[in-house]
4 protein chains.
Amino acid sequence: MSEREQGARLRADARRNREQVLAAARDVFLEQGPDAPLDEIARRAGVGIGTLYRRFPDRDSLVRDLMADNMRRGLDEMRAAVAEEPDAWHALVRFVRRMVELRAGSLGPVLSDRIRADPALGASRDELVGLVEATVEQARADGTLREGIGMGDISLLIVMIGRPPHGLAELTSRWQPARYLEIMLDGLAATNTRPLPGRAITATELRELFRMMKG
Amino acid sequence: MSEREQGARLRADARRNREQVLAAARDVFLEQGPDAPLDEIARRAGVGIGTLYRRFPDRDSLVRDLMADNMRRGLDEMRAAVAEEPDAWHALVRFVRRMVELRAGSLGPVLSDRIRADPALGASRDELVGLVEATVEQARADGTLREGIGMGDISLLIVMIGRPPHGLAELTSRWQPARYLEIMLDGLAATNTRPLPGRAITATELRELFRMMKG
Amino acid sequence: MSEREQGARLRADARRNREQVLAAARDVFLEQGPDAPLDEIARRAGVGIGTLYRRFPDRDSLVRDLMADNMRRGLDEMRAAVAEEPDAWHALVRFVRRMVELRAGSLGPVLSDRIRADPALGASRDELVGLVEATVEQARADGTLREGIGMGDISLLIVMIGRPPHGLAELTSRWQPARYLEIMLDGLAATNTRPLPGRAITATELRELFRMMKG
Amino acid sequence: MSEREQGARLRADARRNREQVLAAARDVFLEQGPDAPLDEIARRAGVGIGTLYRRFPDRDSLVRDLMADNMRRGLDEMRAAVAEEPDAWHALVRFVRRMVELRAGSLGPVLSDRIRADPALGASRDELVGLVEATVEQARADGTLREGIGMGDISLLIVMIGRPPHGLAELTSRWQPARYLEIMLDGLAATNTRPLPGRAITATELRELFRMMKG
DNA sequence: TATGAATGAGTTTTCATTCAT
DNA sequence: TATGAATGAAAACTCATTCAT
């Protein structure tokens with residue numbers, strides 16, 4: 001059952017609870033990572049742990065729904081960016097900024113099997129991956145994106161930058177990911193011509209990586 | 001008592017075990033983060049859990065000793081870099097590459113109270129911070145380091161880049177931090193002149209941050 | 001939060017469990033002393049170890065609640081004794097008999113910091129200490145209590161007599177504290193006029209002793 | 001092998017170690033009871049844990065040797081008392097004072113199977129029990145010992161009084177057993193004629209009790 | 001022989017998940 | 001449906017005992 005379907009059928013109070021849990025989970029996962037105690041999430045959401053479990057039968061489904069939400073918002077942004085931005089580079093930058101803003105990285109890699117397993121999300125996921133990949137290629141062709149950067153590199157950057165260093169848990173207000181993203185973006189611009197070590201991570205490569213993940 | 005002193009007094013077999021534990025801890029912390037089960041570390045080191053606890057009375061002391069080791073190695077590199085590199089920028093780059101190579105970030109921020117509390121390390125810590133800060137300032141004065149970058153920004157970059165995305169635990173061989181470091185370094189060069197959001201993190205600021213950390 | 005308050009708010013089954021745990025703890029502490037394994041207590045109470053920990057977050061809080069209960073019952077007895085007994089000596093005897101009956105000694109000294117730290121109990125503790133001390137003084141003035149006996153001596157006697165000798169763990173049914181208490185009470189009567197070695201332990205002295213205890 | 005035999009055969013340094021361990025064990029058992037960590041005893045004795053185990057293959061043999069030592073000293077005192085004191089009551093009092101002085105109670109009941117199992121001690125044990133029992137009977141016949149007191153009651157009193165209340169571990173210097181012993185002795189005198197609850201514990205009864213102990 | 005290192009079983013404590021109210 | 005109680009598996013940590021140096 002997709003989130004939307006679930007949401008549509010729920011009683012008003014149940015839907016409110018569900019959203020409070022998601023919001024609390026977003027905060028707590030950001031602070032403590034995706035292994036944070038669910039008790040804490042329920043507590044911050046102001047609901048009982050039983051209520052949390054009624055809406056999200058296990059930790060994965062909570063993570064999955066948050067990822068799905070991030071992905072949906074990312075897709076909205078990406079569609080708008082492609083339509084409104086002057087070129088591929090600017091579209092890409094706008095998308096990445098949005099993902100970092102959402103702290104998407106705090107949940108772990110964006111395209112894991114957890115999401116892949118959710119059939120209802122297949123469409124938006126595929127569309128997002130396709131859009132980003134095409135934009136990456138266009139930017140490279142335009143000579144605005146640095147040589148040797150793959151779509152998977154972009155994904156990993158979002159992950160690296162969108163989560164606070166371990167131990168800075170409660171200090172997220174002092175944590176400035178946007179700052180480090182801008183440095184990174186400058187490093188991604190085509191003006192940088194030094195060859196990079198390692199190999200580019202394409203969408204295909206990324207999928208393979210995730211297939212090997214246990215989570 | 002510093003690691004070196006402890007090490008010197010131990011019986012041969014005990015020292016071997018101690019080093020195996022440290023090596024295993026380095027791997028396991030890299031894969032799973034600094035909350036990884038100590039059982040797992042003991043198992044990989046090929047010793048009983050009791051042996052681990054005899055050498056390291058609690059998790060903190062294990063983390064601390066690894067941090068201390070990283071810091072000592074970082075200081076060695078930094079000293080050599082200052083002596084041998086043609087300018088401040090190259091010295092800084094060499095130091096940061098080394099820290100990322102050591103995956104220093106997998107333990108959390110480098111200058112936390114855990115280290116500060118270890119008096120025997122005060123000297124090397126202070127020397128390292130001093131050297132890096134001076135080099136950062138020199139590089140800025142030289143016009144090689146981007147405007148608005150503080151020493152604390154450098155530290156946080158090391159942390160962000162030197163640990164694998166959550167969930168990529170067992171795949172560290174596929175994880176290419178050096179690649180992302182080089183992108184970041186290009187973003188740090190003075191050729192980039194866009195103003196950065198947020199504020200620079202100086203050594204002072206960093207210390208304050210760490211003082212607020214609970215860990 | 002006092003035990004009574006906690007108890008009132010709990011669900012029926014939870015309250016039943018809580019009381020079973022307390023009852024089991026009373027038995028087990030009597031048999032094995034206040035360091036007895038909590039597993040054993042949970043097992044005898046017929047609940048999971050997790051349930052025990054839900055009600056009593058650590059060993060201290062279990063000990064504290066039992067002490068609090070003993071103290072409350074002791075206070076009830078002392079009040080009644082003062083009201084109903086013909087003189088101070090008889091009141092004192094009645095109180096001490098009750099405390100020994102409760103095996104208060106099996107938990108260690110009655111007025112430790114563990115209790116002192118529980119603010120909700122301050123009142124009953126202070127009232128009890130005050131009542132006992134006044135009664136001790138009255139009995140001495142009446143010429144019924146032996147010279148040189150302080151209120152703290154009474155407390156320590158309760159502790160010494162109200163716990164079985166080490167190793168008699170499972171034989172508490174064969175252990176006859178009431179017997180030894182009566183001997184002791186006869187020794188405390190004013191008919192005994194030999195001077196005692198050491199010094200009297202007053203309430204003040206006792207408090208000082210407890211302040212020095214680590215537990 | 002009895003303690004004496006062991007002692008006689010040992011090299012001078014080994015015997016010194018053995019005695020240091022016994023002395024440390026006496027202190028530590030007094031402070032923490034007979035379950036105290038053996039590490040702590042070795043540390044205070046200034047020897048390695050291995051040395052402790054070479055002399056005392058397990059905890060029991062350490063406890064047993066201390067008990068044996070107490071018993072031997074008690075027997076010496078009892079013999080002297082019988083020879084020198086004017087009557088049975090004074091002999092008994094002298095013996096009990098000595099046992100409390102030795103803090104014999106800190107090891108648990110004096111006649112447990114642990115001692116009974118040590119054949120080399122049979123003789124002194126049997127002699128001591130016989131002497132004490134005869135003296136108890138004589139004192140009762142003399143009309144100096146309270147009616148209804150058995151030899152086992154005396155033993156248990158020694159145990160109850162000769163160990164500090166739990167939690168007063170490190171404060172043994174503030175703990176005044178001699179004071180409480182004198183009160184108890186006054187309660188044991190024949191001038192007290194109130195009947196006692198429970199039943200007298202004779203030597204036979206005591207042996208039966210100990211046979212039921214698991215320790 | 002003395003030492004202290006190694007081991008693993010026993011305890012404490014936490015937390016995901018299920019279930020009774 | 002919402003709640004929070006109950007459970008037990010997992011992880012941290014201690015310590016008796018054995019064994020290598």
Side-chain angles (χ1 to χ4, degrees), chain A residues 10-14 16-18 21 35-43 45-60 62, chain B residues 9-18 21 35-42 45-60 62, chain C residues 9-18 21 35-42 45-59, chain D residues 10-14 16-18 21 35-43 45-60 62:
Chain A
L10 290 173
R11 246 165 51 183
D13 57 342
R16 189 167 52 253
N17 280 342
R18 183 173 194 285
V21 169
D35 296 327
L38 298 184
D39 269 359
E40 167 78 4
I41 293 175
R43 205 178 50 66
V47 304
I49 182 68
T51 303
L52 184 153
Y53 269 90
R54 165 167 282 270
R55 291 295 150 235
F56 305 94
D58 53 23
R59 174 186 299 274
D60 272 10
L62 184 51
Chain B
R9 286 178 195 155
L10 288 175
R11 229 164 63 181
D13 57 341
R15 184 159 58 244
R16 191 168 47 254
N17 278 340
R18 183 174 195 281
V21 169
D35 296 327
L38 298 184
D39 270 4
E40 167 78 2
I41 293 175
V47 304
I49 183 67
T51 301
L52 184 152
Y53 271 93
R54 165 174 276 268
R55 290 301 145 227
F56 305 96
D58 55 21
R59 175 186 300 277
D60 271 11
L62 185 50
Chain C
R9 286 177 195 156
L10 287 175
R11 229 164 64 181
D13 57 341
R15 184 160 55 243
R16 191 166 48 253
N17 279 340
R18 184 174 194 281
V21 169
D35 297 327
L38 298 183
D39 269 5
E40 167 77 4
I41 294 174
V47 305
I49 182 66
T51 301
L52 185 153
Y53 270 91
R54 165 172 277 267
R55 289 301 146 227
F56 305 96
D58 53 23
R59 173 186 302 276
Chain D
L10 290 174
R11 247 167 46 184
D13 58 340
R16 192 167 49 254
N17 279 342
R18 183 173 195 283
V21 169
D35 296 327
L38 297 185
D39 270 358
E40 167 79 2
I41 293 174
R43 204 176 51 65
V47 304
I49 182 69
T51 302
L52 184 153
Y53 269 90
R54 164 167 282 269
R55 293 294 150 233
F56 305 94
D58 54 22
R59 174 186 299 275
D60 271 11
L62 184 51

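Every chain is numbered from 1, with letters handed out A, B, ... down the list of sequences. Computed from heavy atoms alone, side chains included, the values below leave out hydrogens, waters and symmetry copies.
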Visitor: Could you check how far CG of L38(D) sits from P of dC15(F), rounded to whole Å?
Guide: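 One finds 11 Å between P of dC15(F) and CG of L38(D), rounded.
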Visitor: If you assign each of P37(A) and G50(A) to its closest nucleotide in DNA chain E, which residue comes earlier from the 5' end?
Guide: P37(A)
Visitor: When you check the phosphate oxygens OP1 and OP2 of dG4(E), does a side-chain N or O of R54(B) lie under 4.0 Å from one of them?
Guide: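 Indeed not, no polar side-chain atom of R54(B) lies that close.
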Visitor: Starting at the 5' end of DNA chain E, which residue's closest nucleotide do you reach first, D35(C) or R16(C)?
Guide: D35(C)
Visitor: Any sub-3.5 Å donor-acceptor pair from R55(A)'s side-chain atoms to L62(A)'s backbone N or O?
Guide: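 Not confirmed, R55(A) side chain does not pair with L62(A) backbone.
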Visitor: Between V47(C) and I49(A), just flag the one whose closest nucleotide in DNA chain F comes earlier from the 5' side.
Guide: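 Looking at the nearest nucleotide for each, I49(A) comes out on the 5' side.
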Visitor: If each of A36(B) and L52(C) is mapped to the nucleotide of DNA chain F with the nearest heavy atom, which maps nearer the 5' terminus, i.e. the 5' end?
Guide: L52(C)
Visitor: Tell me what A14(D) touches on the nucleic acid: a base, only sugar-phosphate, or nothing, going by heavy atoms under 4.0 Å.
Guide: sugar-phosphate
Visitor: Closer than 4.0 Å, any side-chain N/O of T51(C) to the OP1 or OP2 of dT7(F)?
Guide: yes
Visitor: Given a 3.5 Å cut-off on both pairing distances, which stems involving DNA chain E, each at least three consecutive Watson-Crick or G-U pairs, are present, if any?
Guide: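 If one scans DNA chain E for consecutive Watson-Crick or G-U pairs, the stems found are E:2-21 with F:2-21.
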Visitor: Please tell me if R59(A) has a side-chain N or O lying less than 4.0 Å from either OP1 or OP2 of dT17(E).
Guide: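 Looking at the OP1 and OP2 atoms of dT17(E), neither is under 4.0 Å from any side-chain N or O of R59(A).
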Visitor: Take the protein atom CG of D13(A) and the nucleotide atom C1' of dT3(F), then report the distance between them rounded to whole Å.
Guide: 13 Å
Visitor: Could you pull out all residues at least two apart from P37(A) that satisfy side-chain contact (heavy atoms from CB on, under 4.5 Å)?
Guide: Q32(A), E40(A)
Visitor: Ignoring backbone atoms, test whether R18(C) places a side-chain nitrogen or oxygen under 4.0 Å from the OP1 or OP2 oxygen of dA5(F).
Guide: no
Visitor: Check side-chain contact (heavy atoms from CB on, under 4.5 Å) between A45(B) and all other residues, then give those that pass, not counting sequence neighbours.
Guide: Q20(B), V21(B), A24(B), V47(B)
